[in-house]
Visitor: 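Sharing a structure with you now.
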Amino acid sequence: MRKSLIRSAAVPVLAAWCGLTACVQQVTPPPGVDPVPDTSFIGRRLQQRLAPEKADVAVIFIGGFSEQVLTHFRRVYESMPPIPSQGKQVRAFYAWDGGRGCLLFHSTELIQRDLRAFLSKNPKADLVFVGHSYGGSAVMDVLRHLNYPHGKTVVVTIDAVSCRERSYPRERAKGIDYWVNVYCEPYRHFKDLAAAIGGPWRHCEQADENLHFSGKTRDRADRRYQHAQPLPLFEDRPEGGTMSAYELMVSACNRLGIGTSTASSRQ
């Protein structure tokens, strides 16, 4: 009887906490983002699938295990400006398991299918992936299965963790032109327990850049750097570093001419 009372009291408290967590994190998307992210309470828990339309660049965000509940990584998706490019760019947002909400029977098949449909219309389109937590390993999983023609590929993994079905997540997938790996070590926040259990990647030898943040230090909002808050890991410059992950990504896109080859061919 006592256990059932505790359980019944904990459920609404947890639900309220999750809801408040999502509400306070809503942002106004920057101009030029296509399609504009839905920042409503319900919309933030939905995937924004990649549409098979004409475009020069696809920017694909893949969130982690609890993303459709806590929506922390959606702040990156909602607030990141369009990548400087001459061509048209579209963006998409997925859960790491394609929205199935199941740890045991998950896959990236939905993302792969949508990406193939997009590339069938845009065989020269460039791809930019940003993945957090399990979304980082999902990015590599998608790219390992990608055998469609496409342009350049830039990847950012934010404190990625692995899962058993993707046994070699730290190995760089073929076709990646630039990879930025961001990680937090050591963890010093109770919310990071799940990431520690999930198998954090930490430093990845095959990445072009590794950015390290210590959980002992604090971000601009005076919070400890942590797995559960990916936006500071994406936007802040690490101690002693000259560029953030976002800045490195934009610099790589400019250097590789992301979105310019197909755009110039249409002019």
Side-chain angles (χ1 to χ4, degrees), residues 27 29-30 32-33 56-64 72-87 89-93 125-140 142-143 150-161 169-185 195 200-215 217-221 225-227 229-261:
V27 296
V33 172
D56 304 288
V57 185
V59 185
I60 302 171
F61 300 79
I62 306 181
H72 292 302
F73 183 56
R74 280 192 66 99
R75 293 192 66 198
V76 178
Y77 160 66
E78 293 165 359
S79 62
M80 193 185 90
I83 294 172
S85 168
Q86 297 178 10
Q89 60 185 273
V90 293
R91 62 174 61 188
F93 184 89
D126 298 314
L127 305 174
V128 178
F129 285 89
V130 185
H132 169 240
S133 191
Y134 274 138
S137 60
V139 167
M140 292 298 179
V142 169
L143 291 174
H150 61 281
K152 302 292 186 179
T153 302
V154 174
V155 169
V156 178
T157 51
I158 304 176
D159 209 35
V161 301
R170 295 168 182 80
E171 288 191 2
R172 184 185 186 120
K174 292 181 179 179
I176 294 179
D177 294 281
Y178 190 76
W179 172 20
V180 181
N181 178 58
V182 188
Y183 66 99
C184 182
E185 183 185 20
W201 289 11
R202 310 294 194 203
H203 183 95
C204 294
E205 293 292 340
Q206 296 181 4
D208 295 288
E209 295 284 350
N210 279 279
L211 302 187
H212 170 231
F213 290 86
S214 172
T217 58
R218 296 180 179 271
D219 60 23
R220 287 174 289 183
Y225 285 107
Q226 55 184 284
H227 176 86
Q229 293 293 340
L231 186 60
L233 299 177
F234 183 63
E235 293 186 338
D236 290 2
R237 296 176 179 177
E239 186 175 359
T242 58
M243 300 180 76
S244 67
Y246 170 73
E247 292 170 326
L248 286 168
M249 180 191 70
V250 171
S251 176
C253 288
N254 289 333
R255 185 173 63 255
L256 295 169
I258 296 293
T260 59
S261 58

Visitor: Measuring only between side-chain heavy atoms, which start at C-beta, is Val128 closer than 4.5 Å to Gln89?
Guide: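 No; the side chains remain at least 4.5 Å from each other.
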
Visitor: Which heavy atom of Pro200 sits nearest a heavy atom of Ala195, and at what distance?
Guide: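 For Pro200 versus Ala195, the nearest heavy atoms are CD-O, 3.2 Å.
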
Visitor: Do the side chains of Ser251 and Met243 get nearer than 4.5 Å, heavy atoms only?
Guide: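 Met243 vs Ser251: side chains touch.
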
Visitor: Taking the side chain as every heavy atom from C-beta outward, state whether Pro230 and His72 have any pair of such atoms under 4.5 Å apart.
Guide: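 With C-beta onward as the side chain, the pair touches.
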
Visitor: For Thr153, give me all partners under side-chain hydrogen bond (donor to acceptor under 3.5 Å, both in side chains), at least two apart in sequence or on another chain.
Guide: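 side-chain hydrogen bond (donor to acceptor under 3.5 Å, both in side chains) list for Thr153, sorted by chain: His150.
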
Visitor: With sequence neighbours left out, what residues match Phe129 under ring-ring contact (aromatic ring centres under 6.0 Å, His included)?
Guide: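 Partners of Phe129 by the ring-ring contact (aromatic ring centres under 6.0 Å, His included) criterion come out as none, since no residue qualifies.
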
Visitor: Tell me whether Asp177 is salt-bridged to Arg255, with the criterion being a basic N under 4.0 Å from an acidic carboxylate O.
Guide: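 Not counted as a salt bridge, because no side-chain N and carboxylate O are separated by less than 4.0 Å.
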
Visitor: Are any of the side-chain heavy atoms of Pro232 and Phe213 separated by less than 4.5 Å?
Guide: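 SC-SC contact between Pro232 and Phe213 ruled out.
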
Visitor: To check you understand the geometry: which heavy-atom pair defines the closest contact between Pro30 and Ser79, and what is its length?
Guide: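 For Pro30 versus Ser79, the nearest heavy atoms are CG-O, 3.6 Å.
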
Visitor: Flag the pair Met80 / Met249 as yes when at least one side-chain heavy-atom distance between them is below 4.5 Å, and no otherwise.
Guide: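 Yes - at least one pair of side-chain heavy atoms lies under 4.5 Å apart.
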
Visitor: Is a donor on one side and an acceptor on the other found under 3.5 Å between the side chain of Arg91 and the backbone of Tyr77?
Guide: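 Yes; at least one donor-acceptor contact below 3.5 Å.
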
Visitor: Would you compute the distance between atom CG of Asp208 and atom CG of Leu248 and round it to the nearest 0.5 angstrom?
Guide: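 Rounded to the nearest 0.5 Å, the CG-CG separation comes to 10.0 Å.
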
Visitor: Looking at His203, is its backbone amide N or carbonyl O close enough to the side chain of Asn210 to form a donor-acceptor pair, meaning the two atoms are under 3.5 Å apart?
Guide: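 Flag not set: sc Asn210 to bb His203 has no pair under 3.5 Å.
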
Visitor: Check whether any side-chain heavy atom of Ser244 sits under 4.5 Å from a side-chain heavy atom of Asp236, and report yes or no.
Guide: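 Counting from C-beta outward, Ser244 and Asp236 never come under 4.5 Å.
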
Visitor: Grab the two heavy atoms, one from Asn181 and one from Ala207, that are nearest each other, plus how far apart they are.
Guide: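 Asn181 and Ala207 have their closest heavy atoms at CB-CB, 3.9 Å.
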
Visitor: Is the shortest side-chain heavy-atom distance between Leu256 and Asp126 below 4.5 Å?
Guide: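 Leu256 does not reach Asp126 side chain to side chain.
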
Visitor: For a quick test of reading the model, state the closest non-hydrogen atom pair linking Leu233 to Ala245 and the distance between them.
Guide: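 Closest pair (atom of Leu233, atom of Ala245, distance): O-CB, 4.2 Å.
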
Visitor: Using side-chain hydrogen bond (donor to acceptor under 3.5 Å, both in side chains) as the criterion, list what pairs up with Asp219, not counting sequence neighbours.
Guide: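 Applying side-chain hydrogen bond (donor to acceptor under 3.5 Å, both in side chains) to Asp219 gives none.
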
Visitor: Tell me every residue that passes side-chain hydrogen bond (donor to acceptor under 3.5 Å, both in side chains) with Arg237, counting only those two or more places apart in sequence or in another chain.
Guide: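 Here the qualifying residues are Glu247.
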
Visitor: Main chain of His227, side chain of His132: is a donor-acceptor contact present, judged purely on distance under 3.5 Å?
Guide: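 Flag set: sc His132 to bb His227 pair under 3.5 Å.
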
Visitor: On a heavy-atom basis, which atom in Cys184 and which in Asp159 lie closest, and how many Å separate them?
Guide: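 Smallest heavy-atom distance, with atoms named: N-OD1, 3.0 Å.
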
Visitor: Kindly write out the residues that satisfy salt bridge (charged side-chain N to carboxylate O under 4.0 Å, His left out) with Arg202, not counting sequence neighbours, or none if the list is empty.
Guide: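 By the salt bridge (charged side-chain N to carboxylate O under 4.0 Å, His left out) rule, Arg202 matches Glu185.
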
Visitor: ring-ring contact (aromatic ring centres under 6.0 Å, His included) with His212: which residues, sequence neighbours excluded?
Guide: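 For His212, the residues satisfying ring-ring contact (aromatic ring centres under 6.0 Å, His included) (neighbours in sequence not counted) are Tyr183.
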
Visitor: Is a side-chain N or O of Ser137 found less than 3.5 angstrom from the main chain of Val161, in a donor-acceptor match?
Guide: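 Present.
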
Visitor: Who pairs with Glu235 by salt bridge (charged side-chain N to carboxylate O under 4.0 Å, His left out), at least two apart in sequence or on another chain?
Guide: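 Counting only residues at least two positions away or on another chain, Glu235 forms a salt bridge (charged side-chain N to carboxylate O under 4.0 Å, His left out) with Arg220.
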
Visitor: Using the test side-chain contact (heavy atoms from CB on, under 4.5 Å), find all partners of Ala92 that sit at least two apart in sequence or belong to another chain.
Guide: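 Residues passing side-chain contact (heavy atoms from CB on, under 4.5 Å) with Ala92: Leu50, Tyr94.
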
Visitor: Going through the checks in order, is the side-chain contact (heavy atoms from CB on, under 4.5 Å) test met by Ser133 and Phe73?
Guide: CA-CA 9 Å; Ser133 191; Phe73 183 56; over 6 Å; no

Visitor: Go through the structure and list residues passing ring-ring contact (aromatic ring centres under 6.0 Å, His included) with Tyr246, not counting sequence neighbours.
Guide: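 Counting only residues at least two positions away or on another chain, Tyr246 forms a ring-ring contact (aromatic ring centres under 6.0 Å, His included) with Phe234.
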
Visitor: Please confirm whether the backbone N or O of Gln206 pairs with a side-chain atom of Arg172, one donor and one acceptor, at under 3.5 Å?
Guide: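 Looks like yes, one N/O pair under 3.5 Å.
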
Visitor: Given side chains that start at C-beta, do those of Leu143 and Val155 come closer than 4.5 Å, heavy atoms only?
Guide: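 Contact flag for Leu143/Val155 side chains = yes.
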
Visitor: For residues Ala138 and Ile62, report the shortest heavy-atom separation together with the two atoms involved.
Guide: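 Where Ala138 meets Ile62 most closely, the heavy atoms are CB-CG2, 3.9 Å.
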
Visitor: Could you grab the distance from atom CZ of Arg218 to atom CD of Gln226, nearest 0.5 Å is fine?
Guide: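 CD of Gln226 is found 10.0 Å from CZ of Arg218.
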
